[in-house]
There are 4 protein chains.
Amino acid sequence: MNDRSLQRMSPARESLFEAAIGSFAEFGFGGASMRTIAQRAGMALSNLYNYAPSKQDLLVQILKTANYNHLAHTEWAISGAGNHPADQLRAGVRAYVEYVVAHPAEALVAQTELRYLDAEHRRRLVVARDRIDEMLQGIITTGTASGTFITPFPREATRAILTMCGGVAQWYRPDGSLTGDEVANRYAQLALAMVQDAASLPTLETAASSPRRPGTTANKS
Amino acid sequence: MNDRSLQRMSPARESLFEAAIGSFAEFGFGGASMRTIAQRAGMALSNLYNYAPSKQDLLVQILKTANYNHLAHTEWAISGAGNHPADQLRAGVRAYVEYVVAHPAEALVAQTELRYLDAEHRRRLVVARDRIDEMLQGIITTGTASGTFITPFPREATRAILTMCGGVAQWYRPDGSLTGDEVANRYAQLALAMVQDAASLPTLETAASSPRRPGTTANKS
Amino acid sequence: MNDRSLQRMSPARESLFEAAIGSFAEFGFGGASMRTIAQRAGMALSNLYNYAPSKQDLLVQILKTANYNHLAHTEWAISGAGNHPADQLRAGVRAYVEYVVAHPAEALVAQTELRYLDAEHRRRLVVARDRIDEMLQGIITTGTASGTFITPFPREATRAILTMCGGVAQWYRPDGSLTGDEVANRYAQLALAMVQDAASLPTLETAASSPRRPGTTANKS
Amino acid sequence: MNDRSLQRMSPARESLFEAAIGSFAEFGFGGASMRTIAQRAGMALSNLYNYAPSKQDLLVQILKTANYNHLAHTEWAISGAGNHPADQLRAGVRAYVEYVVAHPAEALVAQTELRYLDAEHRRRLVVARDRIDEMLQGIITTGTASGTFITPFPREATRAILTMCGGVAQWYRPDGSLTGDEVANRYAQLALAMVQDAASLPTLETAASSPRRPGTTANKS
DNA sequence: CATGAATGAGAGTTCATTCAT
DNA sequence: GATGAATGAACTCTCATTCAT
C-alpha cells in the first residue's frame, strides 16, 4: 500500500511533508521551526506557504493523512480476517502495529501532537482514531459474548491494547533486535492474552503436566 | 505520602511548579512560555529565574521529582506485597496507576516531554523510569520461571504494561465515570491477564470447581 | 470626457488599475499588497507584472493619469469660462470638485500617496498639480489686481482653496445627501467668498434688496 | 503647553513616541517599520512591545493623544475669546493652525493615517475631531443667525475651513518663509472671509464712513 | 497574455534571558 | 525574593518579484 495513497503528491509536496513529519517527531510541534522544516525539505522557507497556509495546517494535513491511512490499513486487515474474533483481533493488532513500525515518525506525531490543535480540528481528527477503537471494542465484545474471550473490562482492554501498540512508536528502531513483523506478532499475542483468548490459554492437560505454579492456590491457602 | 516530599517548598515555589506542570501539560514544553507560566503562577516573569536558572532546568526539576516520586510510590507498594509474583505485579501496577491518576498533568509531562531534553539530562532522568521497568520485568521473569505466569515475551510484556498504564494520563479525568482506584484495579487485572497469571485464568471445565486463589479476581470466579 | 482617454485600455488592464486604485485608496500604498490587488482584479499575481514592472510603477501610472486628467478637466473648464476672473474661478473650482466627486478613490490616492514616491517621480508628477495651482493663483492675482477680488494673501488663498476642494475626496459619498454638482457649486461659492468677490458680497444698503450680477449665486441674496 | 501633558512620560516612552510619529509621518503607517522606529528611538526592537502591544496600538495611542491635545488647545482658545462669533472663529482657527504648525508631524499623521484603523478604533478617535467640528459649526451657525456672518452653507464652510487648516501640515516647514503665527493669522482671515464676516468686508464707497467693529481686522482697514 | 511554483528579504511579534533596583 | 525595563535571537508569516511553461 502506498504511503500517500489518498492524495498523489508532487515531489516538492512529498519532500515537504516528509520533512515536516521528521521535524515534528524529533522536536515536537512547538519545537520544530518552519525554517528547519524548509531546510530539511530543500526548499525556501516562503515556499512552504504554497503548500500549507500555516504551521498548524501543516500538522493537520499530516494528522489527517496519518490517521486515515492507519485506519485504512487496520480496517482492511480485519475485514480479511474471517469471522472468528480471535483471528480478527490478531489481524487488527498486527496491522495496527505494522503501520506503526512502517511509519514510526508519523505514528509518533499522530499520537503526541494531536493535543496541540484547537478543539475543532481535534474533533474532526479523532474520528478516524475512534473508528479503530470502535472496531476493536466490537471484536472484543463479540468475542466475550461468544465465550472466546474472557474479560470483564472490554472498554479498558481496548484502550490498553491501543495504547500499548501505539507506544511501539516510542521505542521501535528499524535496526533494533526485533523486526517489525516480530513486534507485530508478539503484540498480537499479548493482546490475545489480555482478553484471555481460549485458544491461547494453556490447555488442561498441558496445564496439568507442567504445573507452573505448584499449588496454584498457594497464594493464600 | 507527600507530593513534594523530597524538597519542602515555599508557597511561591509550589505555585511556580504547579503552573509549570500545568503549562507543559497543556501546551508542551515548546509551546509553553515562561511568560505564561509566570502569569499562571502569579509572579513576575523575572522572578522565575530565582527558582530555576532556565526553562530547561525547570523541566528537569519537574521530571526529576516526578520520576522519583513515581518510582518511590511504586517500589514502596511492591516491597510491601509479599513474595508472590502475582501479588507483586498487582501491587506494582496498581501503585503505578494510582500515581498517574493522582497526578495526571505531572505524569503526562513526564511521559511526553522527556524527549526534548539534551542527552545528558535524559540519561540521568530515565534511571528512575528504568528502575521501575526492571522491577516489573524482574517480577514477570521470576513469575514465569516459577510457572505462575506464562508469557514467552517478558520484555515486551513489561513494556506493554508500562505503556498502557502510562497512557492512562492521556484520558483519565477525576470527574470521569471511573474512580482512580477502579482504574488502578482494572489495569492490574489486565496486566495479570496479559502474563496469563495462573490464578487469574479460567479453567476449562474445572473453572467452577477449582478457583485457584479465590477472591482475587472480580470478574469470573 | 473619457476616463482613461490618454491610453485606451484592454479589459484586463482596466480592471487591474481599478483594483489597484481601490486597494491603494482603502489600505494606502504601503498597506496594499500585489496579491490583494491581483485578487481584486481577478487575475493571477504574476500577471500583474505584464502591466506594470513594479508596484511603484503601478502607482506612478495611476498618479500620472489621475493628475493629468484632473488638470485637463479643470483647464478645459477654465478656458471656456470667458474673461472675468470670478467666472474663471467659479468654473475652475467647480470643475476641480467635479473631477473629485466623479473619481473619489483616484483623487484620494493622488492626494495621499504621492509622498511615498522617490524624488524623481514625485518631481515629474507634481508638474500637473502645480499647473492647476498656478492657473488658480493667476486668476486670483489678476482678479485682485483688477479689484474684482480682495484678498491680501493670494498665495495662501490658492492653497486653501485647492486643499479644501481636494479634501472632498475624504468624505464625499455618491449616495450622500448632496449630489456631486451641489458640492461643486457650494465649494465654488465658498471659494469666491474667500477671495471676497465683489459681486458675491452684500452691499451696504443694497444687501437685502439687489443682487448685483443677478443669476450668479444660487443661494440666497 | 506641554506636548504630552495628558500623560507624563518616561524618557524612553517619550523618545519612542517621537520616533513613531516621525516615522509614520515620513513613511506612512504601512511604510514605517517597527525596526526603523526602534532604531530612531534608540532602543531594541523588542522593547517597543513594552510600551505598545502592537503597531496598531502604537498608532492608536498617538492619535488619541494628538486628537485630544488638538481639541484641548483649540477649545481653550475659543473659550477665552469672548462672546462675539467673529472673535471666536478667529481664535479657533488660529489655535487650530497653531497646533498644526507646532506639531506638524503629529498633525500629519492624525489626518492621514486614521483611515487605516479598524472601525471601532476609528469611531472612538473621531470623537475629538468631531467635537472641534461641532464647535466651529456652532460658532458659524450662531454668527450667521446673528447676521455677523453670511454663508448659506455653514456645514460645508466648517468642513472647508477645517480641511484647509489641516492641510497646512502638508506643506508647512518651520524654516519656511512664514512663521507659524503668520500662517495662523492668515488662515484666520481667510476663514473669516469665507463666512463673509461683516467687519472683515470691504465697504464699497462707505468703507471709511461705517467701519463696523473697527480695529478688528489687520489687513484692510 | 497568463499561470503556478519558487525565492530572498523583511515584516510584526514573541522568545528566553539579564540586570539594576 | 521580587520587580520592570531592556535585549538579541528566533519565531511565523507576507512581501514584491522572478521564471519556466
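Proteins come first, then strands; the chains are lettered A, B, ... in the order of their sequence lines, and each starts at number 1.
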Rounding to 0.5 Å, atoms CZ (A:Arg35) and OG (A:Ser23) come to a distance of 14.0 Å

The complete set of side chain to side chain donor-acceptor pair (under 3.5 Å) pairs with one or both residues in residues 24-33 of chain C, sequence neighbours excluded, reads C:Glu26-C:Arg40, C:Ser33-C:Thr36

Taking for C:Met34 and for A:Met34 the nucleotide of DNA chain F with the nearest heavy atom, the one nearer the 5' end belongs to A:Met34

Does C:Asn67 reach the main-chain N or O of C:Arg129 with its side chain, forming a donor-acceptor pair under 3.5 Å? no

Per the under-4.0 Å heavy-atom filter, residues of residues 108-124 of chain C near DNA chain F come out as none

5'-most to 3'-most nt of DNA chain E touching chain C (<4.0 Å, heavy-atom partner on protein side) reads E:dC1 to E:dG4

Pairs under 3.5 Å (Watson-Crick or G-U), crossing ones as [ ], inter-strand ones as |: DNA chain E comes out as .||||||||||||||||||||

- request: Flag yes if more than 12 heavy atoms outside C:Arg124 fall under 6.0 Å of its CZ atom; otherwise flag no.
  value: no

What interatomic distance, in whole Å, is found between C1' of E:dC1 and the corresponding atom of F:dT21?
13 Å

The correct set of residues in residues 38-54 of chain D placing a heavy atom under 4.0 Å from DNA chain F is D:Met43, D:Ala44, D:Ser46, D:Asn47, D:Asn50, D:Tyr51

Separation of F:dC15 atom P from C:Lys55 atom NZ, nearest Å, is 9 Å

note: B:Arg35, atom CZ; F:dA10, atom P; distance rounded to Å ~ 17 Å

Would one find a side-chain N or O of C:Ser33 under 4.0 angstrom from OP1 or OP2 of F:dT14? no

- Item | Parallel, tilted or perpendicular: rings of C:Tyr116 and C:Phe29 (30°, 60°) | parallel

Hits for ring pair (Phe, Tyr, Trp, His ring centres under 6.0 Å) against C:His121, two or more places apart or cross-chain, chain-then-number order -> none

B:Met9 atom CE is separated from F:dG1 atom P, nearest whole Å, by 12 Å

